[in-house]
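Report on the following structure.
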Amino acid sequence: MQSTTRRRFLADVGHGALIASLGTGLATDLGFGRCLAAESVSRLQFGELDSLVGLMADTPIDQFLPRVVAAAQGGATAKQLVAAAALANARALGGHDYIGYHALMALAPAFAMAGNEPRGRQLLPIMKVLYRNIKQIQDQKEDDDAMHPVEASAAHTGSADELRTLVRQADLPAAEALLARMVADDREEAFNDLQPTIQDDVNVHRVVLVWRSWSLLPLAGAEHSHTLLRQSVRYCVDFEQERMAKGGPEPAVRQVLPKLLDQYKLHDAAPGARRAGDDWVDQLAGAIHHGSREEAAEAVAAALAEGFAPPDIAEALSLAANRLLLTDPGRPEQYASANKPAGSVHGDSVGVHASDAANAWRNIALAGNPHTAVTSLIVGAFHTGGQKRTPSDLYPAAADLESIRDVAPEKLLAEIGAAIQNKDQRRAAALAQRYGDAGLAAPALCDLLRQFAISEDGALHAEKYYQTAMEEFANIRPALRWGQLVGLARVSASQYGYPAPGVSEAARLLA
(Lines give C-alpha, C1' and ligand atoms only; values in the text may rest on other atoms or scores of the structure.)
Protein backbone atom coordinates (compact mmCIF):
# COMPACT_ATOMS: atom_id res chain seq x y z
CA MET A 1 0.00 0.00 0.00
CA GLN A 2 2.78 2.41 0.85
CA SER A 3 4.50 1.92 -2.52
CA THR A 4 1.21 2.62 -4.33
CA THR A 5 0.71 5.76 -2.27
CA ARG A 6 4.26 6.90 -3.02
CA ARG A 7 3.82 6.24 -6.73
CA ARG A 8 0.58 8.23 -6.94
CA PHE A 9 2.03 11.05 -4.90
CA LEU A 10 5.14 11.40 -7.00
CA ALA A 11 3.17 11.21 -10.21
CA ASP A 12 1.34 14.36 -9.18
CA VAL A 13 4.24 16.68 -8.55
CA GLY A 14 7.41 17.99 -10.12
CA HIS A 15 10.85 17.63 -8.58
CA GLY A 16 11.29 21.33 -7.92
CA ALA A 17 7.85 21.94 -6.40
CA LEU A 18 8.11 18.96 -4.09
CA ILE A 19 11.60 19.76 -2.84
CA ALA A 20 10.74 23.42 -2.36
CA SER A 21 7.62 22.71 -0.30
CA LEU A 22 8.63 19.59 1.62
CA GLY A 23 12.41 19.65 1.77
CA THR A 24 14.99 17.16 0.55
CA GLY A 25 14.62 14.85 3.56
CA LEU A 26 10.93 14.20 2.97
CA ALA A 27 11.50 13.92 -0.77
CA THR A 28 14.14 11.23 -0.14
CA ASP A 29 11.86 9.38 2.27
CA LEU A 30 9.21 9.24 -0.44
CA GLY A 31 11.58 7.71 -2.97
CA PHE A 32 12.10 10.82 -5.03
CA GLY A 33 15.20 9.39 -6.67
CA ARG A 34 13.10 6.84 -8.51
CA CYS A 35 11.54 7.49 -11.86
CA LEU A 36 8.12 9.11 -11.72
CA ALA A 37 5.35 6.64 -12.50
CA ALA A 38 2.92 7.44 -15.26
CA GLU A 39 -0.73 7.47 -14.28
CA SER A 40 -3.33 6.15 -16.70
CA VAL A 41 -6.24 7.91 -14.97
CA SER A 42 -6.34 11.69 -15.08
CA ARG A 43 -6.37 13.43 -11.73
CA LEU A 44 -7.45 16.79 -10.49
CA GLN A 45 -4.36 18.99 -10.40
CA PHE A 46 -3.87 21.99 -8.14
CA GLY A 47 -0.91 23.85 -9.56
CA GLU A 48 1.47 25.23 -6.97
CA LEU A 49 -0.46 23.44 -4.21
CA ASP A 50 0.06 19.96 -5.71
CA SER A 51 2.98 19.01 -3.49
CA LEU A 52 1.18 20.05 -0.32
CA VAL A 53 -1.97 18.25 -1.47
CA GLY A 54 0.16 15.12 -1.74
CA LEU A 55 1.44 15.68 1.78
CA MET A 56 -2.15 16.03 3.00
CA ALA A 57 -3.30 12.82 1.33
CA ASP A 58 -0.44 10.35 1.20
CA THR A 59 1.92 10.82 4.14
CA PRO A 60 1.87 7.82 6.50
CA ILE A 61 -0.25 8.80 9.48
CA ASP A 62 2.52 8.17 12.02
CA GLN A 63 4.78 10.62 10.17
CA PHE A 64 2.15 13.18 9.27
CA LEU A 65 2.28 15.80 12.04
CA PRO A 66 6.10 16.06 12.12
CA ARG A 67 6.04 16.61 8.35
CA VAL A 68 3.38 19.30 8.66
CA VAL A 69 5.63 21.10 11.15
CA ALA A 70 8.60 20.61 8.82
CA ALA A 71 6.61 22.02 5.89
CA ALA A 72 5.62 25.04 7.99
CA GLN A 73 9.22 25.59 9.04
CA GLY A 74 10.18 25.33 5.38
CA GLY A 75 7.88 28.19 4.44
CA ALA A 76 4.43 26.67 3.92
CA THR A 77 1.86 29.05 5.39
CA ALA A 78 -1.19 28.15 7.46
CA LYS A 79 -3.33 29.33 4.56
CA GLN A 80 -1.56 26.95 2.16
CA LEU A 81 -1.81 24.02 4.56
CA VAL A 82 -5.55 24.50 5.03
CA ALA A 83 -6.13 24.99 1.29
CA ALA A 84 -4.16 21.85 0.45
CA ALA A 85 -6.06 19.81 3.04
CA ALA A 86 -9.40 20.99 1.62
CA LEU A 87 -8.41 20.07 -1.93
CA ALA A 88 -7.00 16.70 -0.88
CA ASN A 89 -10.26 15.97 0.96
CA ALA A 90 -12.40 16.99 -2.01
CA ARG A 91 -10.42 14.95 -4.51
CA ALA A 92 -10.24 11.82 -2.36
CA LEU A 93 -13.70 11.81 -0.75
CA GLY A 94 -15.82 14.05 -2.97
CA GLY A 95 -18.54 15.08 -0.54
CA HIS A 96 -19.69 11.49 -0.01
CA ASP A 97 -18.00 10.62 3.29
CA TYR A 98 -19.57 11.64 6.63
CA ILE A 99 -16.39 12.13 8.63
CA GLY A 100 -14.68 13.46 5.52
CA TYR A 101 -17.03 16.35 4.93
CA HIS A 102 -17.07 17.12 8.63
CA ALA A 103 -13.29 17.46 8.47
CA LEU A 104 -13.58 19.75 5.45
CA MET A 105 -16.22 21.88 7.16
CA ALA A 106 -13.88 22.32 10.15
CA LEU A 107 -10.93 23.68 8.13
CA ALA A 108 -12.00 27.32 7.74
CA PRO A 109 -13.12 27.53 11.41
CA ALA A 110 -9.77 26.06 12.50
CA PHE A 111 -7.96 28.67 10.41
CA ALA A 112 -10.01 31.43 12.05
CA MET A 113 -9.29 30.01 15.51
CA ALA A 114 -5.57 29.94 14.75
CA GLY A 115 -5.57 33.68 14.20
CA ASN A 116 -6.51 34.22 17.85
CA GLU A 117 -3.94 31.83 19.30
CA PRO A 118 -0.66 33.19 20.69
CA ARG A 119 2.52 32.96 18.65
CA GLY A 120 3.86 29.42 18.72
CA ARG A 121 0.39 27.87 19.11
CA GLN A 122 -1.24 29.17 15.96
CA LEU A 123 -0.82 25.93 14.06
CA LEU A 124 -2.36 23.83 16.83
CA PRO A 125 -6.07 24.07 15.89
CA ILE A 126 -5.14 23.62 12.24
CA MET A 127 -2.99 20.56 12.89
CA LYS A 128 -5.82 19.00 14.88
CA VAL A 129 -8.13 19.16 11.87
CA LEU A 130 -5.40 18.24 9.38
CA TYR A 131 -4.80 15.06 11.38
CA ARG A 132 -8.50 14.15 11.31
CA ASN A 133 -8.57 14.98 7.62
CA ILE A 134 -5.70 12.72 6.54
CA LYS A 135 -6.80 9.90 8.81
CA GLN A 136 -10.20 9.79 7.17
CA ILE A 137 -8.74 10.08 3.68
CA GLN A 138 -6.47 7.13 4.34
CA ASP A 139 -9.12 5.11 6.18
CA GLN A 140 -11.79 5.53 3.50
CA LYS A 141 -10.02 6.30 0.25
CA GLU A 142 -10.07 3.52 -2.30
CA ASP A 143 -7.43 3.12 -5.00
CA ASP A 144 -9.10 5.74 -7.16
CA ASP A 145 -10.05 9.32 -6.32
CA ALA A 146 -13.69 10.18 -5.72
CA MET A 147 -13.49 13.17 -8.08
CA HIS A 148 -11.80 13.54 -11.47
CA PRO A 149 -11.62 16.44 -13.91
CA VAL A 150 -14.96 17.39 -15.47
CA GLU A 151 -15.44 19.13 -18.79
CA ALA A 152 -17.81 22.10 -18.74
CA SER A 153 -21.11 21.24 -20.43
CA ALA A 154 -22.14 22.97 -23.64
CA ALA A 155 -25.41 21.06 -23.83
CA HIS A 156 -27.40 22.98 -21.23
CA THR A 157 -28.61 26.53 -20.72
CA GLY A 158 -26.81 26.93 -17.40
CA SER A 159 -29.81 28.00 -15.31
CA ALA A 160 -30.41 27.39 -11.62
CA ASP A 161 -33.62 25.52 -12.45
CA GLU A 162 -31.78 23.23 -14.85
CA LEU A 163 -29.12 22.38 -12.27
CA ARG A 164 -31.79 21.62 -9.67
CA THR A 165 -33.68 19.42 -12.16
CA LEU A 166 -30.53 17.41 -12.95
CA VAL A 167 -29.87 16.90 -9.25
CA ARG A 168 -33.47 15.86 -8.63
CA GLN A 169 -33.02 13.31 -11.41
CA ALA A 170 -29.81 12.17 -9.70
CA ASP A 171 -27.91 12.76 -12.97
CA LEU A 172 -24.51 13.36 -11.40
CA PRO A 173 -22.34 13.57 -14.55
CA ALA A 174 -24.65 16.13 -16.18
CA ALA A 175 -25.04 18.15 -12.97
CA GLU A 176 -21.29 18.33 -12.37
CA ALA A 177 -20.61 19.29 -15.99
CA LEU A 178 -23.29 21.99 -15.84
CA LEU A 179 -21.87 23.39 -12.61
CA ALA A 180 -18.44 23.49 -14.26
CA ARG A 181 -19.85 25.65 -17.02
CA MET A 182 -21.66 27.90 -14.57
CA VAL A 183 -18.52 28.41 -12.46
CA ALA A 184 -16.45 29.16 -15.58
CA ASP A 185 -19.01 31.74 -16.73
CA ASP A 186 -19.42 33.56 -13.40
CA ARG A 187 -18.28 32.12 -10.09
CA GLU A 188 -20.43 34.46 -7.95
CA GLU A 189 -23.54 33.80 -9.99
CA ALA A 190 -22.86 30.06 -9.92
CA PHE A 191 -22.90 30.20 -6.12
CA ASN A 192 -26.30 31.90 -6.24
CA ASP A 193 -27.60 29.47 -8.86
CA LEU A 194 -26.55 26.54 -6.70
CA GLN A 195 -28.74 27.72 -3.81
CA PRO A 196 -32.12 26.48 -5.16
CA THR A 197 -30.59 23.00 -5.16
CA ILE A 198 -29.34 23.46 -1.59
CA GLN A 199 -32.80 24.72 -0.55
CA ASP A 200 -34.47 21.55 -1.85
CA ASP A 201 -34.15 19.95 1.59
CA VAL A 202 -33.31 21.09 5.11
CA ASN A 203 -30.31 19.13 6.30
CA VAL A 204 -27.51 20.66 8.34
CA HIS A 205 -24.75 19.05 6.28
CA ARG A 206 -26.35 20.17 3.03
CA VAL A 207 -26.24 23.86 3.94
CA VAL A 208 -23.09 23.95 6.09
CA LEU A 209 -21.05 22.08 3.47
CA VAL A 210 -21.84 24.59 0.73
CA TRP A 211 -21.15 27.56 3.01
CA ARG A 212 -17.91 26.22 4.45
CA SER A 213 -16.74 25.24 0.96
CA TRP A 214 -17.44 28.77 -0.26
CA SER A 215 -15.64 30.24 2.75
CA LEU A 216 -12.54 28.21 1.85
CA LEU A 217 -12.13 29.95 -1.50
CA PRO A 218 -10.21 32.95 -0.09
CA LEU A 219 -7.70 30.40 1.18
CA ALA A 220 -7.68 27.92 -1.71
CA GLY A 221 -8.17 30.38 -4.58
CA ALA A 222 -11.08 31.13 -6.90
CA GLU A 223 -9.64 28.76 -9.53
CA HIS A 224 -10.69 25.86 -7.29
CA SER A 225 -14.33 26.95 -7.03
CA HIS A 226 -15.68 24.01 -9.01
CA THR A 227 -13.67 21.46 -7.05
CA LEU A 228 -15.07 22.70 -3.76
CA LEU A 229 -18.63 23.52 -4.81
CA ARG A 230 -19.22 20.30 -6.73
CA GLN A 231 -19.03 18.42 -3.43
CA SER A 232 -22.42 19.92 -2.60
CA VAL A 233 -23.87 18.75 -5.91
CA ARG A 234 -22.61 15.27 -5.15
CA TYR A 235 -24.03 15.38 -1.61
CA CYS A 236 -27.43 16.43 -2.95
CA VAL A 237 -27.40 13.74 -5.64
CA ASP A 238 -26.63 11.16 -2.95
CA PHE A 239 -29.71 12.37 -1.07
CA GLU A 240 -31.95 12.06 -4.14
CA GLN A 241 -30.65 8.57 -4.91
CA GLU A 242 -31.31 7.39 -1.38
CA ARG A 243 -34.73 9.05 -1.24
CA MET A 244 -35.82 7.47 -4.52
CA ALA A 245 -34.39 4.07 -3.58
CA LYS A 246 -36.47 4.10 -0.39
CA GLY A 247 -39.56 5.50 -2.10
CA GLY A 248 -39.52 8.56 0.15
CA PRO A 249 -41.69 11.62 -0.48
CA GLU A 250 -40.33 14.89 -1.76
CA PRO A 251 -39.27 17.21 1.09
CA ALA A 252 -42.05 19.57 2.20
CA VAL A 253 -39.90 22.66 1.71
CA ARG A 254 -40.24 22.18 -2.06
CA GLN A 255 -43.90 23.11 -1.74
CA VAL A 256 -43.64 25.59 1.13
CA LEU A 257 -41.05 27.93 -0.41
CA PRO A 258 -42.83 28.58 -3.74
CA LYS A 259 -46.13 28.99 -1.94
CA LEU A 260 -44.72 31.67 0.38
CA LEU A 261 -42.94 33.47 -2.45
CA ASP A 262 -46.27 33.67 -4.27
CA GLN A 263 -48.32 34.56 -1.21
CA TYR A 264 -46.05 37.41 -0.12
CA LYS A 265 -45.05 38.50 -3.66
CA LEU A 266 -41.37 37.89 -3.00
CA HIS A 267 -40.30 36.25 -6.25
CA ASP A 268 -38.64 39.38 -7.62
CA ALA A 269 -38.62 41.50 -4.49
CA ALA A 270 -35.40 42.99 -3.19
CA PRO A 271 -34.99 42.79 0.58
CA GLY A 272 -35.91 45.91 2.50
CA ALA A 273 -33.78 48.06 4.78
CA ARG A 274 -36.24 48.57 7.65
CA ARG A 275 -34.36 48.11 10.91
CA ALA A 276 -35.95 46.27 13.81
CA GLY A 277 -35.82 46.98 17.53
CA ASP A 278 -34.61 44.52 20.13
CA ASP A 279 -38.13 43.47 21.11
CA TRP A 280 -39.11 42.76 17.50
CA VAL A 281 -36.06 40.53 16.94
CA ASP A 282 -36.71 38.73 20.23
CA GLN A 283 -40.35 38.13 19.31
CA LEU A 284 -39.49 36.80 15.86
CA ALA A 285 -36.93 34.47 17.43
CA GLY A 286 -39.65 33.21 19.77
CA ALA A 287 -42.03 32.61 16.86
CA ILE A 288 -39.38 30.58 15.02
CA HIS A 289 -38.37 28.68 18.14
CA HIS A 290 -41.89 27.73 19.22
CA GLY A 291 -43.57 27.44 15.82
CA SER A 292 -43.80 24.59 13.36
CA ARG A 293 -41.52 24.63 10.36
CA GLU A 294 -44.29 26.12 8.20
CA GLU A 295 -45.17 28.75 10.81
CA ALA A 296 -41.53 29.77 11.21
CA ALA A 297 -41.07 30.10 7.45
CA GLU A 298 -44.23 32.17 7.10
CA ALA A 299 -43.20 34.48 9.95
CA VAL A 300 -39.97 35.26 8.10
CA ALA A 301 -41.71 35.63 4.74
CA ALA A 302 -44.11 38.14 6.33
CA ALA A 303 -41.17 40.04 7.86
CA LEU A 304 -39.48 40.24 4.46
CA ALA A 305 -42.71 41.45 2.88
CA GLU A 306 -42.88 44.19 5.51
CA GLY A 307 -39.44 45.35 4.44
CA PHE A 308 -37.36 44.30 7.44
CA ALA A 309 -33.64 44.04 6.75
CA PRO A 310 -32.08 40.58 6.28
CA PRO A 311 -29.43 41.04 9.02
CA ASP A 312 -32.17 41.62 11.62
CA ILE A 313 -34.14 38.58 10.46
CA ALA A 314 -30.93 36.54 10.49
CA GLU A 315 -30.38 37.54 14.13
CA ALA A 316 -33.74 36.02 14.98
CA LEU A 317 -32.79 32.76 13.24
CA SER A 318 -29.60 32.56 15.28
CA LEU A 319 -31.37 33.34 18.56
CA ALA A 320 -34.01 30.69 17.90
CA ALA A 321 -31.32 28.08 17.21
CA ASN A 322 -29.43 29.10 20.34
CA ARG A 323 -32.59 28.61 22.39
CA LEU A 324 -32.86 25.07 21.06
CA LEU A 325 -29.45 24.48 22.60
CA LEU A 326 -30.28 26.22 25.87
CA THR A 327 -33.50 24.22 26.29
CA ASP A 328 -32.06 20.88 25.15
CA PRO A 329 -32.61 18.22 27.87
CA GLY A 330 -29.62 16.30 26.52
CA ARG A 331 -29.09 13.18 24.49
CA PRO A 332 -31.54 10.38 25.34
CA GLU A 333 -30.10 7.13 26.62
CA GLN A 334 -31.14 5.22 23.50
CA TYR A 335 -29.00 7.51 21.31
CA ALA A 336 -25.97 7.62 23.59
CA SER A 337 -22.54 6.50 22.38
CA ALA A 338 -19.03 6.28 23.80
CA ASN A 339 -18.13 9.90 23.09
CA LYS A 340 -21.68 11.30 23.27
CA PRO A 341 -23.18 9.97 26.52
CA ALA A 342 -26.72 10.41 27.78
CA GLY A 343 -27.34 14.02 28.74
CA SER A 344 -24.68 15.43 26.42
CA VAL A 345 -25.41 18.30 24.03
CA HIS A 346 -22.27 18.38 21.88
CA GLY A 347 -21.78 16.83 18.46
CA ASP A 348 -24.92 16.29 16.42
CA SER A 349 -27.31 17.58 19.07
CA VAL A 350 -30.38 19.50 18.02
CA GLY A 351 -29.00 22.80 19.33
CA VAL A 352 -25.51 22.52 17.84
CA HIS A 353 -26.88 21.38 14.50
CA ALA A 354 -29.51 24.12 14.47
CA SER A 355 -26.93 26.77 15.37
CA ASP A 356 -24.48 25.67 12.68
CA ALA A 357 -27.29 25.56 10.11
CA ALA A 358 -28.66 28.99 11.06
CA ASN A 359 -25.15 30.40 10.84
CA ALA A 360 -24.77 28.99 7.32
CA TRP A 361 -28.19 30.27 6.18
CA ARG A 362 -27.33 33.74 7.53
CA ASN A 363 -23.96 33.81 5.79
CA ILE A 364 -25.39 32.62 2.49
CA ALA A 365 -28.23 35.14 2.69
CA LEU A 366 -25.85 38.03 3.27
CA ALA A 367 -23.26 36.85 0.72
CA GLY A 368 -25.71 36.13 -2.08
CA ASN A 369 -27.81 38.24 -4.42
CA PRO A 370 -31.21 39.68 -3.36
CA HIS A 371 -33.15 36.57 -4.38
CA THR A 372 -30.74 34.32 -2.50
CA ALA A 373 -31.17 36.52 0.58
CA VAL A 374 -34.96 36.18 0.50
CA THR A 375 -35.11 32.45 -0.16
CA SER A 376 -32.27 31.51 2.22
CA LEU A 377 -33.90 33.30 5.15
CA ILE A 378 -37.28 31.64 4.51
CA VAL A 379 -35.74 28.19 4.14
CA GLY A 380 -33.47 28.90 7.12
CA ALA A 381 -36.55 29.59 9.25
CA PHE A 382 -38.23 26.43 7.95
CA HIS A 383 -35.06 24.55 8.93
CA THR A 384 -34.82 26.09 12.41
CA GLY A 385 -38.49 25.91 13.33
CA GLY A 386 -40.40 22.87 14.49
CA GLN A 387 -37.57 21.33 16.50
CA LYS A 388 -38.57 22.21 20.07
CA ARG A 389 -39.87 18.93 21.45
CA THR A 390 -39.74 19.39 25.22
CA PRO A 391 -40.92 22.01 27.71
CA SER A 392 -37.41 22.30 29.20
CA ASP A 393 -36.44 25.54 30.94
CA LEU A 394 -33.93 27.87 29.37
CA TYR A 395 -30.36 27.47 30.65
CA PRO A 396 -29.30 28.70 33.13
CA ALA A 397 -32.15 28.01 35.53
CA ALA A 398 -32.83 30.37 38.44
CA ALA A 399 -31.64 27.76 40.91
CA ASP A 400 -28.34 27.40 39.05
CA LEU A 401 -27.79 31.15 39.15
CA GLU A 402 -28.59 31.23 42.85
CA SER A 403 -26.08 28.46 43.54
CA ILE A 404 -23.18 30.57 42.20
CA ARG A 405 -24.34 33.92 43.57
CA ASP A 406 -21.44 34.17 46.03
CA VAL A 407 -18.64 33.55 43.50
CA ALA A 408 -16.48 36.68 43.35
CA PRO A 409 -16.33 38.36 39.92
CA GLU A 410 -12.55 37.98 39.72
CA LYS A 411 -12.91 34.21 40.18
CA LEU A 412 -15.63 33.64 37.58
CA LEU A 413 -13.29 32.81 34.70
CA ALA A 414 -11.40 30.19 36.69
CA GLU A 415 -14.66 28.76 37.98
CA ILE A 416 -16.01 28.43 34.44
CA GLY A 417 -12.90 26.47 33.48
CA ALA A 418 -13.29 24.23 36.51
CA ALA A 419 -16.99 23.60 35.80
CA ILE A 420 -16.15 22.62 32.23
CA GLN A 421 -13.47 20.20 33.41
CA ASN A 422 -15.99 18.74 35.85
CA LYS A 423 -18.42 18.30 32.93
CA ASP A 424 -21.00 20.32 34.85
CA GLN A 425 -23.16 21.85 32.13
CA ARG A 426 -25.52 23.63 34.51
CA ARG A 427 -22.79 25.29 36.53
CA ALA A 428 -20.77 26.25 33.44
CA ALA A 429 -23.81 27.88 31.86
CA ALA A 430 -24.76 29.72 35.06
CA LEU A 431 -21.24 31.01 35.59
CA ALA A 432 -21.01 32.16 31.97
CA GLN A 433 -24.31 34.03 32.37
CA ARG A 434 -23.10 35.62 35.60
CA TYR A 435 -19.85 36.62 33.86
CA GLY A 436 -21.85 38.45 31.20
CA ASP A 437 -24.19 40.05 33.71
CA ALA A 438 -21.15 41.40 35.54
CA GLY A 439 -19.97 43.15 32.38
CA LEU A 440 -16.65 41.30 32.32
CA ALA A 441 -14.50 41.07 29.21
CA ALA A 442 -15.97 38.77 26.56
CA PRO A 443 -12.61 38.17 24.79
CA ALA A 444 -11.14 36.54 27.89
CA LEU A 445 -14.05 34.10 28.06
CA CYS A 446 -13.81 33.41 24.33
CA ASP A 447 -10.09 32.65 24.74
CA LEU A 448 -10.85 30.20 27.54
CA LEU A 449 -13.59 28.42 25.62
CA ARG A 450 -11.41 28.21 22.52
CA GLN A 451 -8.88 26.09 24.41
CA PHE A 452 -11.54 23.46 25.04
CA ALA A 453 -12.67 23.62 21.41
CA ILE A 454 -9.07 22.86 20.41
CA SER A 455 -8.27 20.16 22.96
CA GLU A 456 -11.49 18.15 22.69
CA ASP A 457 -12.87 16.12 19.82
CA GLY A 458 -16.39 17.53 20.16
CA ALA A 459 -17.65 14.55 18.12
CA LEU A 460 -16.56 16.32 14.91
CA HIS A 461 -18.26 19.65 15.74
CA ALA A 462 -15.93 21.50 18.12
CA GLU A 463 -14.36 23.87 15.57
CA LYS A 464 -17.52 24.51 13.58
CA TYR A 465 -19.65 25.24 16.60
CA TYR A 466 -17.00 27.42 18.26
CA GLN A 467 -16.76 29.52 15.10
CA THR A 468 -20.54 29.64 14.82
CA ALA A 469 -20.81 30.98 18.37
CA MET A 470 -18.09 33.56 17.72
CA GLU A 471 -19.67 34.82 14.51
CA GLU A 472 -23.16 34.99 15.92
CA PHE A 473 -21.97 36.73 19.09
CA ALA A 474 -20.30 39.35 16.88
CA ASN A 475 -23.36 39.81 14.66
CA ILE A 476 -26.17 39.88 17.21
CA ARG A 477 -27.02 43.11 19.03
CA PRO A 478 -25.51 43.41 22.53
CA ALA A 479 -28.84 43.14 24.35
CA LEU A 480 -29.52 39.67 22.93
CA ARG A 481 -26.18 38.05 22.13
CA TRP A 482 -24.88 36.67 25.44
CA GLY A 483 -26.74 33.39 25.08
CA GLN A 484 -24.21 32.43 22.41
CA LEU A 485 -21.42 32.27 24.99
CA VAL A 486 -23.65 30.60 27.56
CA GLY A 487 -24.44 27.93 24.98
CA LEU A 488 -20.77 27.55 24.11
CA ALA A 489 -19.88 27.12 27.79
CA ARG A 490 -22.54 24.43 28.11
CA VAL A 491 -21.28 22.59 25.02
CA SER A 492 -17.68 22.88 26.27
CA ALA A 493 -18.65 21.14 29.50
CA SER A 494 -20.55 18.48 27.58
CA GLN A 495 -17.65 17.62 25.26
CA TYR A 496 -14.87 17.74 27.85
CA GLY A 497 -13.08 14.47 28.54
CA TYR A 498 -12.89 13.23 24.96
CA PRO A 499 -9.54 14.60 23.72
CA ALA A 500 -9.08 14.96 19.99
CA PRO A 501 -6.71 12.50 18.29
CA GLY A 502 -3.43 14.10 17.35
CA VAL A 503 -3.71 17.17 19.56
CA SER A 504 -1.25 16.07 22.24
CA GLU A 505 1.35 15.15 19.63
CA ALA A 506 0.80 18.44 17.79
CA ALA A 507 1.19 20.40 21.04
CA ARG A 508 4.41 18.54 21.82
CA LEU A 509 5.83 19.25 18.35
CA LEU A 510 4.96 22.93 18.57
CA ALA A 511 6.36 23.33 22.08
Side-chain angles (χ1 to χ4, degrees), residues 97-99 101-103 105-106 132 136 202-206 208 242 246 248 289-293 320-358 383-404 416-433 449 452-453 455-466 468-469 483-501 503:
D97 183 81
Y98 180 84
I99 297 177
Y101 54 69
H102 274 84
M105 292 187 291
R132 181 195 303 161
Q136 191 63 14
V202 288
N203 175 290
V204 62
H205 306 129
R206 192 178 184 112
V208 175
E242 183 176 359
K246 293 180 177 179
H289 179 221
H290 291 287
S292 67
R293 291 192 186 278
N322 176 248
R323 288 171 189 174
L324 286 170
L325 172 60
L326 295 179
T327 56
D328 188 348
R331 186 175 299 275
E333 185 67 47
Q334 63 266 35
Y335 299 125
S337 60
N339 61 350
K340 293 180 287 188
S344 64
V345 294
H346 65 277
D348 56 347
S349 70
V350 61
V352 168
H353 263 180
S355 295
D356 282 344
H383 193 164
T384 308
Q387 298 189 71
K388 181 172 171 55
R389 300 184 180 94
T390 67
S392 304
D393 293 332
L394 194 70
Y395 268 57
D400 299 326
L401 289 170
E402 178 62 23
S403 71
I404 53 97
I416 293 170
I420 290 170
Q421 291 174 313
N422 288 328
K423 300 182 66 64
D424 190 336
Q425 297 178 39
R426 288 189 171 278
R427 185 172 175 83
L431 288 163
Q433 184 64 60
L449 298 176
F452 296 109
S455 66
E456 306 308 299
D457 174 72
L460 306 180
H461 290 72
E463 300 78 26
K464 287 196 291 81
Y465 179 64
Y466 177 84
T468 287
Q484 301 295 326
L485 298 190
V486 174
L488 182 57
R490 183 186 183 190
V491 168
S492 299
S494 174
Q495 70 190 17
Y496 187 78
Y498 308 99
V503 168

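When a residue number appears, it is its place in the shown sequence, counting from 1.
At distances below 3.5 Å, at least one donor-acceptor pair connects side-chain atoms of Gln425 with backbone N or O atoms of Gly343. Checking side-chain atoms of Ser492 against main-chain N and O of Ile420 turns up no donor-acceptor pair under 3.5 Å. At least one donor-acceptor pair closer than 3.5 Å links the side chain of Asn322 to the backbone N or O of Gly483.
Considering only residues two or more places apart in sequence or on other chains, Gln387 meets the side chain to side chain donor-acceptor pair (under 3.5 Å) condition with none of them. Scanning for side-chain contact (heavy atoms from CB on, under 4.5 Å) contacts around Gln334 gives Pro332, with sequence neighbours left out. Residues satisfying the side chain to side chain donor-acceptor pair (under 3.5 Å) criterion with Asp457, sequence neighbours excluded, are absent altogether. Not counting sequence neighbours, the partners of Tyr101 by the ring-ring contact (aromatic ring centres under 6.0 Å, His included) test are Tyr98, His205, Tyr235. In terms of the side chain to side chain donor-acceptor pair (under 3.5 Å) criterion, Arg206 has no residue partners (sequence neighbours excluded). With sequence neighbours left out, Asn422 forms a side chain to side chain donor-acceptor pair (under 3.5 Å) with no residue at all.
Side chains of Tyr465 and Leu325 form a contact here, defined as non-hydrogen atoms less than 4.5 Å apart. In this structure the side chain of Ile99 reaches within 4.5 angstrom of the side chain of Leu460, judged on heavy atoms.
Separating the CG atom in Leu324 from the OG atom in Ser349 is a distance of 9.5 Å, to the nearest 0.5 Å. Rounding to the nearest 0.5 Å places NZ of Lys423 at 9.0 Å from OH of Tyr496.
Of all heavy-atom pairs between Ala432 and Ala489, the closest is CB-CB, 3.8 Å. Counting all heavy atoms, side chain and backbone alike, Gly347 lies closest to Val352 at O-CG1, 3.3 Å. Scanning both residues, Ala357 and His383, for their nearest heavy atoms gives CB-CE1, 3.5 Å. The two residues Glu463 and Ala106 make their nearest non-hydrogen contact at OE1-CB, 3.7 Å. The two residues Arg490 and Asp328 have their closest heavy-atom pair at NH2-O, 2.7 Å.
Of the candidates Arg331, His102, His461, Arg331 is the only one forming a side-chain hydrogen bond (donor to acceptor under 3.5 Å, both in side chains) with Asp348.
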